[in-house]
Every structure is written in structure tokens, then in C-alpha cells.
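Quick caveat, the model's predicted, so the values are computed rather than measured. Atoms within each ligand, like the ligands themselves, are counted from 1 in listed order. Heavy atoms only: backbone and side chains are in, while hydrogens, waters and symmetry mates are out.
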Amino acid sequence: MVPSPRVNITELELAELEQALEARGFDRFRGRQIYRWVHKRNVTDFSLMTDLSQALRIRMEAEFVVETPRVVADERSTDGTRKLVLELADKRRIESVFIPDTPAMTFCVSTQVGCAMACGFCLTGKMGLVRHLSAGEIAAQVRLLAAATNLLDQPFNIVLMGMGEPLHNYDNTMKALRILHEEQGLAVSPRRITLSTVGIVPALDRLAQETLMPNLAISLHATTDEQRTALVPPNRKFPLADILDACRRFPVKKRSRITFEYVLLEDVNDTAEDAKRLARLLDGIKAKVNLIPLNPAPGIPYRRPSDARVDRFAQILADRHITVSVRKSRGRDIRAACGQLIVEGGTAKSAAQQMALLIN
Ligand code: SAH
């Protein structure tokens, strides 16, 4: 008889783990103990779980496994940013970034290997989609970053702004948030999590129904459909008006706002006209704008505007009573900044194939 494969604990929510334990003749309450070891202390080797008896650890080992991505590189930027390169079980690689004091400690995690969205200014977009990450792979990035930075017991923020489009990998992303939220694990509050998306409207409406709801950031980047479709191709299917309507329907918490990210590209979308149009578009939405001066990269056909142009854009928004911030570029010397995450060796499908997959 072929032995049945071991159950990978990192893919399970606590209730699922308890069920799996019971089904294999273990005590249900072991689930909480194991969850604490794995998620709260980043101990993934049964032999180190000292509150389980020797005999139990051996029996566990036969039935369960704690699969964890391998840290193959840990690069440090001069500004304190750190980038982990993680190798997954199938040898694919992803990147996860630690950004200190912004104002809190922030972990930037990936939701896919590559990305299907093909935004014209983003290096990850050039890779195409290789595959979705599993819930366990998404959650593991947080655990590994927290362990690497000694923050397992400290509060931190999470931004889903690494490689990939979280709403294109909806179920796994939401399951990862539930794993991270678990009290016995890292117990991350959804208030500390921000999900950034190009704006896939049906998925936004689904997100609006979730009990565990992260903060929302929309990658807007343009103020006319013509321009946005050129920069963010999914706009063809989900145009500006539809995304903004979905935002108006979105249940924004008290004293909270939706963030609109806007990459500034010199002479493309950074004119005074663009800024005024942006202010008009956001009218009636509880919004704040986060301006991201382009992080240039080889193969990206756009320029980063001067600080003066960035300031002018910001001022026009501020004059119209829109809260605006300018994202500081972090970790550019180790290619950890927005839009610079890419790992070699992906066999990508063409952008057209990707979009067909997304839309169908
Ligand atoms: N797929 C999600 C998360 C992506 S990354 C999304 O699109 O929102 C987070 C932010 O970095 C997005 O707003 C993205 O548009 C932006 N970004 C991508 N490439 C960039 C670059 N080269 N310079 C600055 N920001 C970039």
C-alpha cells in the first residue's frame, strides 16, 4: 500500500488542524499547542516541541509535516530595509520585504509567483504569472520575516504589496489572513493589514462581505480610462468608474479611508491636469492618496519625476482637501522597492494568455 502523504500543517487554520488531529487519533487540544510552536515561535521541527511527549512527537512526525519556505538570501539595504528571497517546495522563488519604522514595522509580502496584471511600470508584471501562492506560503512569509527581525512577539503591519495581485488569488489570500489572525498564532489584527489591488470589481464586492477585513488600497495610477488601460491592462475589463463605484459601496470603517496609490511617471500622468482630475474622481469617497514616484528599473520605459513635480502634484490634491502622502522609496539598492521584485527563472505565459485566464 502506498502511504498517504503527510498533512502539511502550515496550510491549515486551527479548526482544520484540530479536525485533522482528531481524524488520526490524536487529541484535539494538541492543535493549539502545535499552532503556538509553528506560528508564534516559528518552530517547525517536531523534535523541538518540548511540551509534547517523545512518543507523541514521533507519531506526529509520521502523519504531519511543517513545510516552510527556505530563506536563500537575506539582503540588507543601507536604509534598514531587508529583503528575504524564499525558495518554495517546488524550487520557485519569491521575495518578501521588511521595512522598518514607517511609522510601524512593516512586512511586505507576495501573493503570487510573478503576476498576470502586466502593469507597464512594474518589473514583476514583466514576469507574467508563474503560479498562485498557497495560503501557507503567504502566511509563512510573515512568520519568517518576524523571526528574522525578532518581531514574533511585537506588533507589526502587513502590506500585501509584494509580488502578485492578491484579489487574483482571492481564496488563498483570505485564508492566509485567517491563519495570521489566529489567536494561538501571530494574532495579527486586520486593522494592521493592507491589501493592495489593481481593482478586480467582483472580488472587491466579495471582499466587502468578509468578516476579517483588511484595509484597502487601490492602485489607481491614472485618471482617464485610456491612460489607465495603457498602464494597468485589467482596466479594460474593470474601468475607473466601476472601480470607484465599488469603492463607494465598500464598507469603510469609522475614521478609516481607502488608500489610492498613484505611481508618478514624468510627463505621463504627473501634470497639474492629472492632479485636478484625480481630485474630482475621488470626490465623495473616503479617500487618501499615496503618491509613489516611480522606482525606475531596466526595461521600464518611464522616468521618475523631479521632487518639484511630485510636490506640485501633492499640493494640488492638498488644496482640494485630500489627504496625501508621498511614499518614500525604500531598499532600492537591494531591488526591494515597489515594482522591483522579480526572480529569475519563471516560465511565464504571454500577457495575453494571462489576461484571458483572468477574465474567463
Ligand atoms: N498587485 C497589487 C500589489 C502590487 S505592488 C497592486 O497592483 O496594487 C504595490 C504598489 O507598487 C502598486 O501600487 C504598484 O502599482 C506599485 N508599483 C509597481 N511598480 C512600481 C514602480 N516601478 N515604482 C513604484 N511603484 C510601483
Checking heavy-atom distances from atom 10 (C) of ligand 1 to each of Arg304, Met117, Glu261, Arg332, the winner is Glu261
Keeping the roles fixed (side chain from Gln141, backbone from Ser110), state whether a donor-acceptor pair exists under 3.5 Å. yes
Taking Tyr170 for its side chain and Leu207 for its backbone only, find out whether a donor-acceptor pair lies under 3.5 Å. yes
Residue, atom name and distance, where the atom is the protein heavy atom closest to [atom]:
atom: atom 26 (C) of ligand 1; value: Cys338 CB, 3.6 Å
atom: atom 22 (N) of ligand 1; value: Phe121 O, 2.9 Å
atom: atom 4 (C) of ligand 1; value: Gly162 O, 4.0 Å
atom: atom 1 (N) of ligand 1; value: Gly164 O, 3.0 Å
atom: atom 2 (C) of ligand 1; value: Ser196 O, 3.2 Å
atom: atom 19 (N) of ligand 1; value: Gly339 CA, 3.0 Å
atom: atom 5 (S) of ligand 1; value: Met161 O, 3.3 Å

Residue part near ligand 1, for Thr197, under 4.0 Å between non-hydrogen atoms: backbone
Mode of Asn295 contact toward ligand 1 - side chain, backbone, both, neither (heavy atoms, under 4.0 Å): both
Interatomic spacing from CZ in Arg92 to CD in Glu137 - rounded to 0.5 Å: 11.5 Å
Gap separating the CG atom of Leu216 from the OG1 atom of Thr197, nearest 0.5 angstrom: 7.5 Å
Tightest non-hydrogen contact, residues Leu17 and Gly31, listed as CD2-O, 3.6 Å
Which atom names give the shortest non-hydrogen contact between Phe156 and Ala146, and what distance separates them? CE2-CB, 4.2 Å
Could you list which atoms of ligand 1 come closer than 4.0 Å to a heavy atom of [X]?
X: Ser219; result: 6 (C), 7 (O), 8 (O), 12 (C), 13 (O), 15 (O)
X: Cys122; result: 18 (C), 19 (N)
X: Val263; result: 25 (N), 26 (C)
X: His221; result: 13 (O), 14 (C), 15 (O)

Go through the steps to decide whether Asp333 and Ser77 satisfy the test side chain to side chain donor-acceptor pair (under 3.5 Å), and finish with yes or no. CA-CA 6 Å; Asp333 54 341; Ser77 162; 2.7 Å; yes
Does the N or O separation between Leu294 and ligand 1 drop below 3.5 Å for any pair? no
Tyr302 vs Val268 side-chain heavy atoms within contact, under 4.5 Å: yes
Answer whether the closest heavy-atom distance between the side chains of Glu165 and Pro234 falls below 4.5 Å. no
Take Leu88 and Arg70, measure what side-chain contact (heavy atoms from CB on, under 4.5 Å) needs, and give me the verdict at the end. CA-CA 7 Å; Leu88 309 171; Arg70 209 161 60 83; over 6 Å; no
If the contact criterion is a heavy-atom separation under 4.0 Å, does Val198 count as touching ligand 1? yes
